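Here's the structure, in structure tokens; my notes come after.
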There are 4 protein chains.
Amino acid sequence: MTPKTKEQIAKIRTRSKDKILMAALDLFAKKGYHNTSVSAIARHAGISKGLIYNYYDSKEELLKGVIEMLMEDSSEFFLATQKEDPNEALRSLFVLLKNYLIEKRGLYRLAVSLSVQEEVGKFEFLKDIIEEKFQGFLTVFESLMTKKGVKNAKGEALLLGALFDGISLQYTFSEKYPLEEVIDFLIEKYCK
Amino acid sequence: MTPKTKEQIAKIRTRSKDKILMAALDLFAKKGYHNTSVSAIARHAGISKGLIYNYYDSKEELLKGVIEMLMEDSSEFFLATQKEDPNEALRSLFVLLKNYLIEKRGLYRLAVSLSVQEEVGKFEFLKDIIEEKFQGFLTVFESLMTKKGVKNAKGEALLLGALFDGISLQYTFSEKYPLEEVIDFLIEKYCK
Amino acid sequence: MTPKTKEQIAKIRTRSKDKILMAALDLFAKKGYHNTSVSAIARHAGISKGLIYNYYDSKEELLKGVIEMLMEDSSEFFLATQKEDPNEALRSLFVLLKNYLIEKRGLYRLAVSLSVQEEVGKFEFLKDIIEEKFQGFLTVFESLMTKKGVKNAKGEALLLGALFDGISLQYTFSEKYPLEEVIDFLIEKYCK
Amino acid sequence: MTPKTKEQIAKIRTRSKDKILMAALDLFAKKGYHNTSVSAIARHAGISKGLIYNYYDSKEELLKGVIEMLMEDSSEFFLATQKEDPNEALRSLFVLLKNYLIEKRGLYRLAVSLSVQEEVGKFEFLKDIIEEKFQGFLTVFESLMTKKGVKNAKGEALLLGALFDGISLQYTFSEKYPLEEVIDFLIEKYCK
DNA sequence: AATGAATGAGGCTTCATTCAT
DNA sequence: AATGAATGAAGCCTCATTCAT
């Protein structure tokens with residue numbers, strides 16, 4: 001009865017969706033959401049425009065798909081924070097940040113470029129997600145700082161939060177940013 | 001019809017250009033470059049679409065005009081760095097950053113949103129400007145840190161650079177960001 | 001895989017075709033031809049898009065199929081006209097009209113909505129069919145009127161023709177149309 | 001100051017809107033709403049696609065504009081009904097119907113083709129307008145019939161309503177419809 | 001016989017830009 | 001200097017149709 005098995009179809013769908021998501025991520029990150037056309041995504045993915053609408057109802061839904069994909073695997077970060085020794089935990093976080101920036105270049109760029117827009121109600125959901133993540137990090141930083149016994153743990157936590165974002169932004173911006181050097185210095189300064 | 005002296009005409013021109021620039025800055029900053037239409041700028045400025053093209057050859061030229069306007073008055077920052085006492089200089093810089101962010105909300109947003117785009121050759125000039133500013137700050141930070149006699153002056157300078165950007169970004173993002181608190185803590189930590 | 005006899009296959013084909021035709025009639029009638037997508041028909045019929053093209057070469061051919069189906073069973077009407085007594089014949093016709101409208105709500109709507117289009121050569125065949133039916137009715141009406149001995153039989157026939165269409169149109173239009181009342185009045189007026 | 005006077009602009013706008021409305025009416029009536037593209041309207045009007053959106057926010061708004069234009073001048077009909085003698089009033093109505101159909105060929109076609117669609121909420125407003133007009137006619141017919149002293153005035157009014165629509169529909173459909181003949185017969189039958 | 005992924009032409013709409021006044 | 005009607009390229013999206021399985 002069934003000409004293609006459900007598994008076959010599912011595999012095809014997954015593969016196509018992935019192609020689309022990767023192409024979209026790539027272009028959104030490089031050129032920004034508004035400056036990326038659906039045609040360009042299709043071309044980049046090597047498929048037809050129409051197919052995109054087979055999987056996503058609109059360009060905006062596609063964006064949501066991209067963001068969801070990106071949000072999936074941030075578990076590592078919170079694993080790192082479970083370490084007993086706060087110095088070790090911080091060292092892990094710094095290294096994770098470095099690897100994350102290197103491996104997912106463009107992702108941070110995308111997050112920033114989307115958040116930076118004020119269109120009410122359209123990317124609002126993204127702001128919420130980021131705000132939540134940020135508060136999570138802040139809490140972790142503060143408890144680590146408390147463990148380390150610093151005077152103003154909350155203030156230090158805020159600075160660390162700003163540092164993470166500042167480093168990410170500058171690395172994303174400039175090809176020449178001395179990421180390794182900065183991370184090493186952070187470890188030396190914070191982890192002993 | 002009414003004859004006008006050259007001065008009158010010049011004044012009119014200046015006033016119109018200003019109106020256009022302010023409207024464009026406002027909208028570019030709030031909604032992003034690609035998401036702002038020339039019509040919207042004209043409406044926001046209370047003039048006609050046509051007039052914009054009387055002063056700027058294209059939307060892109062208008063953007064350049066906006067950026068140039070923004071770059072004009074960063075002299076305060078470098079005045080602050082001239083102070084003898086490095087602690088005082090740093091304090092001034094922190095306070096200037098705070099005031100700049102509060103007074104020109106949205107401007108940093110614009111800079112980021114533009115820089116984040118990779119379209120070759122289009123906003124490249126902006127990246128260059130920013131890179132140059134950034135290197136200027138870095139040099140200043142490093143010399144201040146050296147004056148303060150810290151061990152790794154270059155490393156500390158890089159961290160300060162990241163902090164400036166991180167704080168700016170987070171303040172731009174979130175209405176709730178405790179800017180005062182952060183600046184106060186920075187002063188306490190770095191200026192004595 | 002499973003071997004099927006010719007009869008089984010034929011039965012399956014007939015059943016599928018019927019499902020398609022009914023779904024298409026339903027949607028064409030409700031939403032109009034141009035405003036109904038092949039996908040929607042497939043969904044409504046509970047089958048795949050592809051299957052429709054197994055039976056009909058195009059959306060237009062499918063429409064032709066629907067129309068042919070509709071034209072098949074108008075025999076009742078002409079049976080009614082065979083009655084000896086013209087008053088009885090008319091009464092039957094009025095009642096048939098009422099039942100037809102009630103039972104096949106939407107069908108008249110479809111006929112009108114298709115006929116109303118002027119695209120040369122596309123639905124032209126439908127116009128011809130309708131024209132022919134109309135002339136048939138006119139002839140019947142005229143002969144009945146002659147039998148009844150009215151003065152201007154042709155004029156009265158034309159009016160009856162217009163009445164049939166007007167009533168159908170208005171009933172199709174408006175949920176509140178007093179069809180029963182109108183038919184009763186017609187019978188009272190014409191059948192004695 | 002003002003380069004074009006307001007009157008000039010107003011005249012230009014009116015002329016353009018008229019061109020658009022006429023083209024839209026023409027095509028909507030001939031080919032139906034869904035089967036008429038905005039491009040086709042622009043081509044038919046001899047203007048660019050974009051200009052249409054200078055005057056109408058969407059294709060649907062354009063349709064509303066067309067309908068409003070059509071609804072503007074139905075005053076004649078109600079003037080006719082004011083006559084003292086019901087026979088004279090009816091005669092005027094019959095003649096007006098004839099002239100209306102001849103002069104505004106296509107208009108009735110448009111009304112029917114739009115009303116025939118069931119899309120909730122889209123053309124609903126048109127149905128309301130038509131329903132209202134129809135009830136208006138019905139009331140007029142009934143009072144005329146009462147004046148004439150017929151037995152079942154309401155029933156006769158309903159028949160007249162159906163006749164108007166039926167005649168309109170058949171004339172709209174068929175090039176060969178004997179409109180003159182039918183109207184003459186109506187006058188003979190109803191107006192003495 | 002039957003499925004649904006894939007295509008691409010064409011539909012509606014937006015918008016940077018031009019130009020007559 | 002200033003206006004806004006007009007243009008047309010390009011953007012998002014729909015849908016009839018094809019085809020591998």
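Side-chain atoms are counted along with the backbone in the values below, which use heavy atoms only and exclude waters and symmetry mates. To find a chain, count down the sequence lines: A is the first, B the second, and so on, and within it residues start at 1. Please read all numbers here as calculations on a predicted model, not as lab measurements.
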Report yes if some heavy atom in the side chain of A:Ser16 is under 4.5 Å from a heavy atom in the side chain of A:Ile47; otherwise report no. no

Please test D:Leu21 against D:Leu62 for side-chain contact (heavy atoms from CB on, under 4.5 Å), starting from the C-alpha separation and ending with a verdict. CA-CA 7 Å; D:Leu21 282 177; D:Leu62 173 54; 4.1 Å; yes

In terms of the nearest nucleotide of DNA chain E, which residue is placed more toward the 5' end: B:Lys59 or A:Ile12? A:Ile12

Does any non-hydrogen side-chain atom of D:Glu7 lie less than 4.5 Å from one of D:Lys11? no

Inter-residue atom distance C:Ser39.OG - C:His44.NE2, 0.5 Å rounding: 14.0 Å

Tell me which nucleotide among F:dC15, E:dG11, F:dC13 gets nearest to the side chain of D:Ser37. E:dG11

Could you work out how much the helix from E:dA2-F:dT21 to E:dT21-F:dA2 bends, comparing the axis of its first five pairs with that of its last five, to 10°? 10°

Does F:dA6 have OP1 or OP2 under 4.0 Å away from a side-chain N or O of D:Ser16? yes

Rounded to the Å, how far apart are B:Lys31 NZ and E:dC15 C1'? 13 Å

Just how far, in rounded Å, is P of F:dG4 from NZ of D:Lys17? 16 Å

Rounded to the nearest 0.5 Å, how far does CG of A:Asn35 lie from OH of B:Tyr33? 9.0 Å

Can you tell me how far CD1 of B:Ile52 sits from NZ of B:Lys59, rounded to the nearest 0.5 angstrom? 10.5 Å

Separation of atom CD in D:Glu7 from atom C1' in F:dA5, rounded to whole Å: 17 Å

Between the side chains of A:Glu61 and A:Ser58, does any donor sit under 3.5 Å from an acceptor? no

Separation of E:dC12 atom P from D:Leu63 atom CG, nearest Å, is 12 Å

Between P on E:dT3 and CD1 on C:Ile20, what's the gap in Å once rounded to a whole number? 10 Å

Give the residues of residues 41-58 of chain B touching DNA chain E, defined as any heavy atom closer than 4.0 Å, sorted by residue number. B:Lys49, B:Tyr53, B:Ser58

How many Å lie between CG on C:Asn35 and P on E:dC12, as a whole number? 12 Å

Would a 4.5 Å heavy-atom cut-off, applied to side chains only, mark B:Asp26 and B:Lys30 as touching? yes

Mapping B:Arg13 and C:Ala40 to their closest nucleotides on DNA chain F, which lands nearer the 5' end? B:Arg13

pair D:Val66-D:Leu110: side-chain heavy atoms closer than 4.5 Å: yes

Euclidean distance, atom NZ of residue A:Lys11 to atom P of F:dT21 [Å, nearest integer]: 12 Å

How many whole angstroms separate atom NE2 of B:His34 from atom P of F:dA10? 15 Å

